[in-house]
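Numbering of ligands and ligand atoms starts at 1, following listing order. Keep in mind it's a predicted model, so treat the numbers as computed, not measured. Numbers for residues simply follow the sequence, beginning at 1.
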Amino acid sequence: MTTPVTLERAGFTYPDGTRALAPTDLAIRAGETLALLGPSGCGKTTALRIVAGLAEPDPGGRVRFGAEDVTRIPIERRNVGMVFQSYALFPNLDVAGNVGYGLRVRGVPKPERDRRVAQMLAMMRIEGLADRRVDQLSGGQRQRVALARALAPEPRVLLLDEPLAALDAKLRETLRTELAALLRGLGVTAVFVTHDQAEAMALGDRVAVMRAGRIEQIDVPEAIYHRPASRFVAEFVGTLNVLAGRIEGGMLRLPGGTLAAPDLPEGEALVGIRPEQFVLDPEGGLAGRVASAFFLGDRTRLVVEEAAEVPLTVELAGAGPRAGERIRLAARPGAPWRLPAD
Ligand code: ADP
Ligand code: MG
C-alpha cells in the first residue's frame, strides 16, 4: 500500500518552550523513501514523531495520509510501522512472536499470521531464527527482526529512526545496502532518520537536510551533494574544500597556481570543491606538496599543502602519490563551484 504523507505548517514546541520543529511544510511522495538528515538535536525525531502520531503538532499544524487528515488520530490507528535505534523488541517473545505481534493485536487468524511471519523472516533472511529468544540475537539480527515486525502488518508508512546507528561499521554498510534494495522493492512510503550523510544518500530517493528545527534543502541526493543550497548543507553532506581566491580571466588564482573556473564571475570568490573533483595532471595549473597520503583500497586520500591557504583534501581513484611528493592538480568540469552564502 502506498500513501503520500503531507505535513502542513506542522511545528512542535515542548512545554518548556523549546521549539524542536518550526512550522514545516513537507510532501512525502507515495512509495518514496525520504531521508531526514541533520546533526543531533535538529528536530529529526520530532518530525518523525509527528508523522507517527506520537506527538501532535502545535495548533495550526496538520498531518495528512493521502487525503485523510490524521492530525488527531493516535499512532495505534494510523497503521504505521516503526523501527528505532534501540531495537525495542519484546524480550518475553521469541522472534516469530515479535514479528507476528502486530498481526495478533489486529486479530489476524493464526494460519494467516504464521504464513505472513514466515514470509517476513524469509524476506529478512532470518528464517532459521523463528524460535530464538531475542536476547540470543546479534545486533544485526535484532534489527532484522525489528524491521520484519514493523513490516508484517503492511503499514501505510514505515518510519525508521537511526535504525543502523548502534551497529558496527561493516554491518551497518551491509544492512544499509540491503535496506535500500528492500525499500525500493516494497514501494512503501518510508521516512528514514539519520545523522550519517552516506546513509541518507544511499537510502533516500530524496534527502531533506535539517538544521535547527527547519528543513534547509530537500532534493535528490545528487543535487544535495553537488548543488547544495547553503554552506551548511555543502559542509554537512560531505568533505568540502573551501577556497578563498580571486577569479581573473576565467581562472581561480590561489597561492599554488590556478584552477580553471570558466563559469564563475570575476573578482574575489569563495568557492567549494569536493576532494574527488580534483585530478592529478602533470600539466595542471595548481602545484602542491603531499603532506600525507592514506591508501583506502579503492582510492587514496591526500592532504596537499602549499596549493591553497588551507591544506586541501584530495581523493584519487586507486593508488596515488606518496607523502613528500610534489604534485600538480586540475579540477574536473563543474568544479570549483560558487559556495552559497550561509
Ligand atoms: P534529533 O532527533 O534531530 O536529534 P530531536 O527531535 O530529538 O532532535 O530534538 C529536537 C530539539 O528538541 C532538541 O533541541 C532537543 O534538545 C529538544 N528536545 C527533545 N526532547 C525534549 C523534551 N522532552 N523537552 C524539551 N526539549 C526537548
Ligand atoms: Mg533523534
Side-chain angles (χ1 to χ4, degrees), residues 5-28 33-63 70-71 74-75 78 80-89 139 142-143 146-147 149-150 155 157-169 172 175-176 179 183 189-204 206-219 221 224 228-238 342:
V5 174
T6 317
L7 298 186
E8 295 168 10
R9 306 281 307 150
F12 190 82
T13 311
Y14 279 99
D16 70 357
T18 307
R19 188 192 250 194
L21 188 68
T24 295
D25 292 316
L26 174 61
I28 306 166
T33 299
L34 178 73
L36 282 185
L37 172 68
S40 176
C42 71
K44 304 180 296 293
T45 294
T46 301
L48 201 73
R49 288 170 56 85
I50 288 176
V51 174
L54 287 166
E56 202 176 299
D58 291 340
R62 302 227 152 282
V63 185
V70 297
T71 312
I75 182 163
R78 281 195 195 183
V80 295
M82 292 203 73
V83 181
F84 303 95
Q85 173 179 343
S86 60
Y87 322 105
L89 298 174
R142 281 177 210 213
Q143 220 38 325
L147 202 59
R149 182 179 63 176
V157 180
L158 180 65
L159 303 171
L160 308 112
D161 195 349
E162 313 238 11
L164 308 179
L167 306 173
D168 63 67
R172 200 160 64 222
L175 268 183
R176 178 207 293 168
L179 195 54
L183 291 176
T189 308
V191 183
F192 185 96
V193 162
T194 179
H195 64 271
D196 178 325
Q197 49 94 10
E199 214 165 274
M201 303 268 168
L203 279 153
R206 289 190 301 159
V207 177
V209 184
M210 293 186 66
R211 175 193 196 181
R214 292 173 195 281
I215 294 176
E216 191 132 314
Q217 185 175 8
I218 177 166
D219 212 324
I224 296 276
S230 69
R231 182 153 172 189
F232 172 80
V233 173
E235 297 196 292
F236 194 76
V237 300
D342 210 335

| task | Confirm or rule out an N/O/S atom of T45, from backbone or side chain, lying less than 2.8 Å from the Mg ion (ligand 2). | result | yes
Contact table, ligand 1 N/O with protein N/O, distance under 3.5 Å:
unit_1   : atom_1 : unit_2 : atom_2 : d
ligand 1 : 2 (O)  : T45    : N      : 2.9
ligand 1 : 2 (O)  : T45    : OG1    : 2.8
ligand 1 : 3 (O)  : C42    : N      : 3.2
ligand 1 : 3 (O)  : G43    : N      : 3.0
ligand 1 : 3 (O)  : K44    : N      : 3.0
ligand 1 : 3 (O)  : K44    : NZ     : 2.9
ligand 1 : 4 (O)  : G41    : N      : 2.6
ligand 1 : 6 (O)  : T46    : N      : 2.9
ligand 1 : 6 (O)  : T46    : OG1    : 2.5
ligand 1 : 8 (O)  : G43    : N      : 3.2
ligand 1 : 20 (N) : Y14    : OH     : 3.1

Between the main-chain N or O of F192 and the side-chain N or O of K44, is there a donor-acceptor pair closer than 3.5 Å?
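No.
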Exam field: side chain D161 to backbone T45, donor-acceptor pair closer than 3.5 Å:
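Not at all, since once roles are kept as given, no pair shorter than 3.5 Å links the two residues.
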All heavy atoms of D25 vs all of E8, minimum pair found to be OD1-CA, 3.4 Å
Rounded to the nearest 0.5 Å, the CZ atom of R176 sits from the CG atom of L167 at a distance of 11.5 Å
Notebook entry, point to check: Where does the angle between the aromatic ring planes of F236 and F232 fall among parallel (under 30°), tilted (30 to 60°) and perpendicular (over 60°)?
Noted result: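 Ring orientation of F236 relative to F232: parallel.
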What I'd like to find out is whether the side chain of V191 reaches to under 4.5 Å of the side chain of I28, using heavy atoms alone.
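Counting from C-beta outward, V191 and I28 do come under 4.5 Å.
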